[in-house]
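Right, one structure below, let's go through it.
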Amino acid sequence: MRIPCPWCGERDAGEFVYGGDAGLRRPADDAPMQDWVDYVFYRDNPRGAHREHWQHVQGCRAWIVVERDTLTHAVTGSRPASEVAAETGGAA
Amino acid sequence: MSADHHAAPARDGFRLATGGRIDRATPLSFRFDGKAYSGFAGDTLASALLASGVKLFGRSFKYHRPRGLLSAGVEEPNALVHLRGGARHEPNVRATVAELFEGLEASSQNRWPSLAFDIGSVNDLFSPFLGAGFYYKTFMGPTRGSWHLYEKIIRRAAGLGRAPSEPDPDRYEKAHGHCDILVVGGGAAGLAAALAAARAGARVVLAEQDSEAGGSLLGERAGEGLQWAEAAIAELRAMPKVRLLLRTTAFGFYDHGVVGLVERVADHLAEPEPHQPRQRLWTLRAKQVVLAGGAHERPLLFGDNDLPGVMLAGAVRRYLHRWAVAPAERALVFANHDEAYRSALDLADAGVPVAAVVDPRPAPGDGLAAALAERGIEHLGGHAVQRARGNRWLIGAEVVALDGSGRPGGRPRFLACDLLAMSGGWNPAVQLHAQAGGAPRWDERLATFVPGTAKQAERSAGAAAGRLTLTAALADGLDAGLAAAEAAGFAAKAFALPEVETEAEAVPTGLWEVSGRKGKRFVDFQHDVTSKDLKQAVQEGYRSPEHAKRYTTAGMATDQGKTGNVAALEVLARARGQATAELAQTTFRPPYTPVALGAFAGREVGRHYHPVRRTPMHHWHEAQGALMVEAGLWMRPRYYPRPGESLRECMNRETLHVREKVGMVDVSTLGKIDVQGPDAGEFLNRIYANGFKTLPVGKARYGLMLREDGMVFDDGTCSRLDEQHYLVTTTTANAARVLSHMEYHHQCCWPELRVHLASVTDQFAAMAIAGPRARRVLEKAVTGADVSNEALPFMGVVRAEIAGYPIILFRISFSGELAYEVATGADHGLTVWEALLEAGREEEIIPYGTEAMAVMRIEKGHVAGGELSGQTTAADLGLGKLCSTKKPYVGHRLKERPATADPQRPALVGLMSLEDNVGIPAGSQLVADPQARPPVTMLGYVTSTTYSITLDRQIALALLTDGAARQGQTLYAANPLAGSSVKVQVVSPHFFDPEGKRLHA
């Protein structure tokens, strides 16, 4: 599988480390405990489109948000995670 | 063209005097089961043995039935042999693909004492008890406890071949490649596709698993097709952008157009040439793939269809035309389609009497009846073979007439024969297509699965796509090649294909399973699965293909059901009262055919299994005689023994010397992360459980890092070098994880923080100088800084120089002694190390290793790997007070969960052995009474252990419930696996200098 790193270009998946669902927001420090439990322990398991974190550990070390189809492994997009986090207000 | 049937070609044994693609000028001698045979270059082990009249090739898996060759190719389920002896010994090699070489040695498997007389054949008598899933139903009830007795016997009887026991002497390589078009299969369709793509200018790789390209053309009467193929191969060879990989199997189709191939570079030689690898594993990335891997023939299901002498009809033709072997005195053909009639005609023309062609259909296609009559071959339409007869090999077949509804009726007629060529049709090789995400669909006309919609850039062609005649395969191959080339961006032009003879097509109709009361009807030959087993599976509720497969083990052998899977599905469908089209095949997974582990390992074996990381002082340690230990990928000095010193003696000496005088240890392997920026302090405040924003410049602090779930993640020291500059250290094992953790939180959670992180683990060499005389050593070695107790107090950090090189000097201690750490550029780590040793000469400085280091930190109760298991909290380890209540940080919420914050959780304690010199093994369970009957309440467990020379006691660190209340109590550290326990006393984990007086000296 190839993953397009926004900085380094398309690279073999072996250069990256998987970081899980990118759709989660780190809760506010004073958010209810259940929000924290959900953030750390609960995940959806979608069949199809999935936005997820990968880190390009053997390249630029950027965390990126990748769009991948969990069924076909077709990769349709990637953006720097810091950009996405800045847009969505990141987390507390 | 028909031969003169009255002047049969001469034969030597079963080898014809002329013909075949063997090199009769190069005879080869070889041995099978200790007996000497001869063959020719171009033979496989199977063809050479067949030519010599060998009928028995092995004994079946479960029932130990005598088995011969079923096929002539990779799909062979029976003739699995041990190939070669010694270090190159290989089990389960299909004799049909093993190329013959001079001096080859092979032996049959799964039989004792011999192939002809095998004690295991008694299993066949017990077959009523050994049906599908028998092992799920046995060893129950009163005999259950004797499992450990049965297991030894079963283990010895299990399996087919014996694994090699010596290290592999050969080298294996890995290669990566890219191409525009990959064509899998060098038969008619593959060659046409490759030619179309290559002529369009594309970079083409053509992979053919056989030793020469041509595919099934090599196994039929030579004609226009073969001539065209030979010209095509020559043209492809001459094109610089074409790579022809022979003896290369595409074994796996992975994501994003990646195909795995194994090139058997030297398997066909007695030994690889000195410059050659034995095999080469290719990871090939292709823009477009054409799958032209052909098709596999199906058996028919009749009684004892596994007798040696029963072969697939197409295989019979291949042995005839490719290797000039006619393995029969008298043959019979049994098929339900026209194509197999060719076997009867070809056998007759080679001089083999053919008793009859038995066909459930009343009449065959055009011209076939006449062709048979010409050769005096009886045609038995509307008949079927009900049972093959013979003891250890075929002597004849019982043939019955079929009534109007296709059921066998009347008395069977016995036809003597020693070869039964059977065919139930052909199954396209859809495995790679399925691996690539395609979903094969049922084709009613061909009664088999053909490729469905492709999910990747691949297309099937030729027999692999269900185009079973040569004309159709050529045309299909050309179309596929053109389409692939166009899709890859090349302008491709069609070309004229040769005019070849019209062939009869293999469209099976009528019966394929012949019912009868006698004999076993085998579906999966390698795993001894009969149609009765599959029906039984349905009866017992294992109805789905996935369940039936695993319950009966059909399709799970090394041949992965190439000959049997479709038949198995048909039996299943019939038993369920459904059409086969309603069932789905089980999932195909790589590898398509077995691949040696060596090929996957490549050169990364032995010393090269993983990278080795060495510190700048590594060679100095080795030169001093240090014994090195692996710490992850790093090599660290474990201890530096004097001549004759044991590990225990040395670690005791080193420990005492450090506590009484001074020693130095290489700590370069610890992770180091440089943190800079206006928000560096704020960032570290959020990452660590304790505070760092207000840490004064020039100070270091112990740092505790939690995971977001509240468990302790890592610890280390964090030093503030400047207003906006910190240096973080981590444990050796967690360095990479901590960096990723920090980068994750910065980039994904707090992108607004202005901070830069950089790994500097490799950039700094680091060494710790510890002991009462440590300061005196530094006073001599260090310039540019005052290292007095007042100027550099405990936890102080200062920049200075040693031997003219810049250093960072930290007054921190892991050993509990007065200690310092020196960090300097890795390039001059050794120089600084040696300078310190020189400066410490008068103080009697010695190097010490990780063993002594561990003794000292356990004596002090400092947590390390054993305690930082990821399952402990800060409070468990006595570090709860470190966790700030004034600021948020990673893990601060979830550590407050009731179970995580429960004061009843096991907490860190020390243990002292109350039995002289008896150690407390790490992992021991702490219990009140080791003799109590299970289940025994576990009060805690031991995390770290050592003999302490300082206290002259065996001590340990442990996690214990009610640790505080149990101080002074006597417990037992039990080791049930070894059946032992040791009496211990619960004490404080800070065994030595609990007030830390020596630190502040």
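Sequence lines set the chain letters: A, B, ... in the order given, protein chains first and strands last, and positions in each chain run from 1. Everything numeric in this text was worked out from a predicted model, so none of it was measured.
The contact between A/A74 and chain B is made entirely by backbone atoms, counting heavy-atom distances below 4.5 Å. Within the 4.5 angstrom heavy-atom criterion, only side-chain atoms of B/H745, from C-beta onward, approach chain A. In this structure, no portion of A/V65 lies under 4.5 Å from any heavy atom of chain B. Heavy-atom distances place no part of B/Y254 under 4.5 Å from chain A, backbone and side chain included.
At a threshold of 4.5 Å between non-hydrogen side-chain atoms, the residues B/S740 and A/V57 count as touching. Side-chain atoms of B/L894 and A/M33, non-hydrogen and from C-beta on, do get closer than 4.5 Å to each other. Taking 4.5 Å as the limit, some side-chain heavy atom of B/Y744 sits within range of a side-chain heavy atom of A/H53. Residues A/R61 and B/L739 form a side-chain contact, since some pair of their non-hydrogen atoms from C-beta on lies under 4.5 Å apart.
At distances below 3.5 Å, at least one donor-acceptor pair connects side-chain atoms of B/Q747 with backbone N or O atoms of A/W63. Using modelled atom types, one side-chain atom of B/R893 and one backbone atom of A/A31 make a donor-acceptor pair closer than 3.5 Å. Side-chain atoms of A/H73 never come within 3.5 Å of backbone atoms of B/D255 as a donor-acceptor pair (strictly under, hydrogens ignored).
Taking a 6.0 Å sphere around CZ of A/F41, one finds it holds more than 12 heavy atoms contributed by other residues, nucleotides or ligands. Residue-environment remark: NE2 (B/H178) exceeds the threshold of 12 foreign heavy atoms within 6.0 Å.
In this structure, CD on B/E708 lies 5.0 Å from OH on A/Y39, to the nearest 0.5 angstrom. Of the inter-residue distances, the one linking B/H256 atom NE2 with A/E10 atom CD reads 8.5 Å to the nearest 0.5 angstrom. Between the CZ atom in B/R686 and the CG atom in A/D29 there is a gap of 8.0 Å [rounded to 0.5 Å].
When all heavy atoms of A/A86 and B/P751 are compared, the closest pair comes out as N-CG, 3.7 Å.
A salt bridge links B/R285 to A/D12: one of the charged nitrogens lies within less than 4.0 Å of a carboxylate oxygen.
Of the listed residues B/R707, B/E743, B/Q456, the one with more heavy-atom pairs under 4.5 angstrom with chain A than any other is B/E743.
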